[in-house]
Colleague: 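Following this message is one structure expressed as structure tokens.
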There are 2 protein chains.
Amino acid sequence: MAAGTKRRVRMSDVAQVAGVSLATVSRALRFPESVSQELRGRIETAAQRLGYAPNRIAGSLAGAHSPLIGVIVPSLTNAFFATTLERMTVTLEAEGFQLLIGHHGYDLAREARIVSAFAGWNPAAIVVTGLDHSRETVAALSAADCPVVEMWDLDGHPLDALVGFSNTEAGRFAGRHMARAGYDRIAVVCSTPDKDPRAAARARGVLEAHAEATGGRGKAALISVDGRELGCGALGLDKALTEVPDLRAIAFSGDMLAVGALFEADRRGIRVPEDLALVGYGDLDIASNTNPPLTTVRPPRGEIGTAVAEHILKRLKDPDRSGEIVTLNVEMVVRDSG
Amino acid sequence: MAAGTKRRVRMSDVAQVAGVSLATVSRALRFPESVSQELRGRIETAAQRLGYAPNRIAGSLAGAHSPLIGVIVPSLTNAFFATTLERMTVTLEAEGFQLLIGHHGYDLAREARIVSAFAGWNPAAIVVTGLDHSRETVAALSAADCPVVEMWDLDGHPLDALVGFSNTEAGRFAGRHMARAGYDRIAVVCSTPDKDPRAAARARGVLEAHAEATGGRGKAALISVDGRELGCGALGLDKALTEVPDLRAIAFSGDMLAVGALFEADRRGIRVPEDLALVGYGDLDIASNTNPPLTTVRPPRGEIGTAVAEHILKRLKDPDRSGEIVTLNVEMVVRDSG
DNA sequence: AATTTTTCTGAAAACGCTTTCAAAGTTGGA
DNA sequence: TCCAACTTTGAAAGCGTTTTCAGAAAAATT
């Protein structure tokens, strides 16, 4: 436990025991096929017996890139990104990569600092969330000199590769659904649209599609709240109710907001959906469990993780794939709340 | 973007521009005080102008340890660990450390593999969740030859340092509370007690304290469910109701289970707490928002992250602190559900 | 049997920093 | 003025791999 106790087994130790050179051990371990059957056996046995574990730091210095992949998300406590990260980890870990995870809380300046820090690790790739970045981030990303993948968005111009879905379209699904269900006076409750461009895009989508689908006869109000938590949903409901007369339905930029509003409606004796319809976004586990279960839009949160990981894997083998765009789809999940 | 475009600025470039040696640049950057005022200025200007960013890989190879800290949690999608990770990241990032995050889904064999993988990065410290580890994990941890911190538990014997709270005690809070509130026939719904030793410890705590506080007159049943999600809570409610006659209260190993049960109770027309009291664990954001709000036990989830980070920081400066134990407290949050 | 290919293997040069050790330069006291 | 003590700087030796290049051995060809 205490540092400096015993000397770690090095590749040269394995080489000595196996009676071969360092170079051969390296090859045998990295490209087993490139070494004769017999040596491979001897080397693997020696490595096993000595309990050799390669020093990744040394390997990364000698190689062109490290098997590190930097991933930057807005937040770790957000179930969306957590799912994406989990899936990415699983796929990439299996190929010997290790994730370097950073989060910036929707602060673009912090994003830039994290990218710079990651670049110092000479990563095999860097993944960032969204398409909105500061000049500094873009500069740091290009200085990192490795594949860059943007994810979770599709509404904009990527720097390099892109894996995501259209948040505008996600909003449009909800807006269209509400119009078709006959709700012509609606509100959209959106959390920090100034800081979260994807939430803002969804809100815009709802508004647009609702206007189109009602032939302009519908009325819709945009209401912003200062957070993504349940409490803000309750607050949003309150605001919407006071600001919009004859309100029939509310779309939210996230399921937690919608659930918070659902609870608040219950407290106020407002029946959902009879008096007021509620539509969320996210299809979190809770959405299917509330009373009534929540109508929502499901983003491909796990799929993004897998797709990003797979893209990176393919890309590292075949650099021609730079600039690839992977489009994933959103799904309208109609339940009873609206 | 494409690999191999331009040469990265090296420390030797800075040295050349500043007209000093490599060694001096290294010193100036790492220990500004150890270099004369004038040189420091020249070197910093040069570094700035060239846009020098240190190569962490090279630095780590030359130094004794890398500024990487490995952290292993059961799951990233679990709000408890996500909060801990967020706090750890913030504190450690400020000191120039970078987290290597791994998750094993309560699978001890995977934990061992992750520890081994982390050890290859020569990390400054490794943090693992809980006190239950396989022989292989313990071996890999000791081979890593760096400080080890176990977190989130206190019921057992640590390998080295420990930052956590007693899950048994957390359970005891709930059990005692239920007994005092006059609920003598209770059930404990616990998710995968065979795989999650902390959940099992909490369940045990509830049972013990309830038996003590009711003077043995109380009856309590342990019911296990196969997951931590809302749906399992509903299932747990159902099982408890059929298995325990005259059931008055249920304690859950997690808030999501409790909320799921609350929803299910609502569907069945069971009044909470009049017909049945519900107690959770976790004090997730949702706990204070449900109808009725959930009585629960609050673990120090953010505090653990901060405390672990601070411990590591102190420890790296002062190796004598090995074996330190930081005890944090749990809090009973009484609301309306039980 | 003598060559030419092809397959394996090892020596040695990076990779970009940290750190030790000694030399050079400064300061202050005798 | 000279020497001791201290401060500041630079040369060079790693850190543990990967990878290139060339030589040795084995296989295939004439």
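Each chain gets a letter, A, B and so on, in the order the sequences are listed, and its residues count up from 1.
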Colleague: Below the 4.0 Å mark, does D:dT18 have OP1 or OP2 next to a side-chain nitrogen or oxygen of A:Ser26?
Modeller: yes

Colleague: Roughly how many Å is it from CZ in A:Phe31 to C1' in D:dT20, rounded to a whole number?
Modeller: 13 Å

Colleague: Check the angle between the aromatic planes of B:Trp152 and B:Phe80 and answer parallel, tilted or perpendicular using the 30° and 60° thresholds.
Modeller: tilted

Colleague: Would you kindly compare B:Arg27 and B:Leu61 by the position of their nearest DNA chain D nucleotide and give the one closer to the 5′ end?
Modeller: B:Arg27

Colleague: Rounded to the Å, how far apart are B:Gln16 CD and C:dG16 C1'?
Modeller: 15 Å

Colleague: A:Arg10 CZ to D:dG14 C1': how many Å, rounded?
Modeller: 11 Å

Colleague: Starting from C1' on C:dG16, measure out to NE2 on A:His65 and report it in whole angstrom.
Modeller: 15 Å

Colleague: What does A:Ser36 touch in the nucleic acid at a heavy-atom separation under 4.0 angstrom: a base, only the sugar-phosphate, or nothing?
Modeller: sugar-phosphate

Colleague: Select one nucleotide: of D:dT18, C:dA12, C:dT19, the one nearest the side-chain heavy atoms of A:Arg30.
Modeller: D:dT18

Colleague: What integer distance in Å separates B:Gln37:CD from D:dT7:P?
Modeller: 17 Å

Colleague: Between A:Glu310 and A:Lys314, does any side-chain N to carboxylate O distance fall below 4.0 Å?
Modeller: no

Colleague: Please tell me which of the listed nucleotides, D:dA11, C:dC17, D:dT17, lies nearest to the side chain of B:Tyr52?
Modeller: C:dC17

Colleague: What's the closest nucleotide to the A:Ala62 side chain, out of D:dT17, C:dT18, D:dT19?
Modeller: D:dT17

Colleague: A:Arg56 has an atom CZ; how far is it from atom P of D:dT18, in whole Å?
Modeller: 9 Å

Colleague: Any side-chain N or O of B:Thr24 less than 4.0 Å from the OP1 or OP2 oxygen of D:dG10?
Modeller: yes

Colleague: In whole angstrom, what separates A:Met11's CE from C:dT9's P?
Modeller: 15 Å

Colleague: Apply salt bridge (charged side-chain N to carboxylate O under 4.0 Å, His left out) to the pair B:Glu44 and B:Arg40, showing each step before the final yes or no.
Modeller: CA-CA 6 Å; B:Glu44 277 167 3; B:Arg40 195 191 317 163; 5.3 Å; no

Colleague: Counting only heavy atoms not in B:Gln16, do more than 12 sit closer than 6.0 Å to its CD atom?
Modeller: no

Colleague: Using heavy-atom distances to pick each residue's nearest nucleotide on DNA chain C, tell me which of A:Leu22 and A:Ser34 is more 5'.
Modeller: A:Ser34

Colleague: Using a 4.0 Å heavy-atom cut-off, does B:Ile57 contact any base of the nucleic acid, only the sugar-phosphate backbone, or nothing at all?
Modeller: nothing

Colleague: A:Leu316 versus A:Phe97: any side-chain heavy-atom pair under 4.5 Å?
Modeller: yes

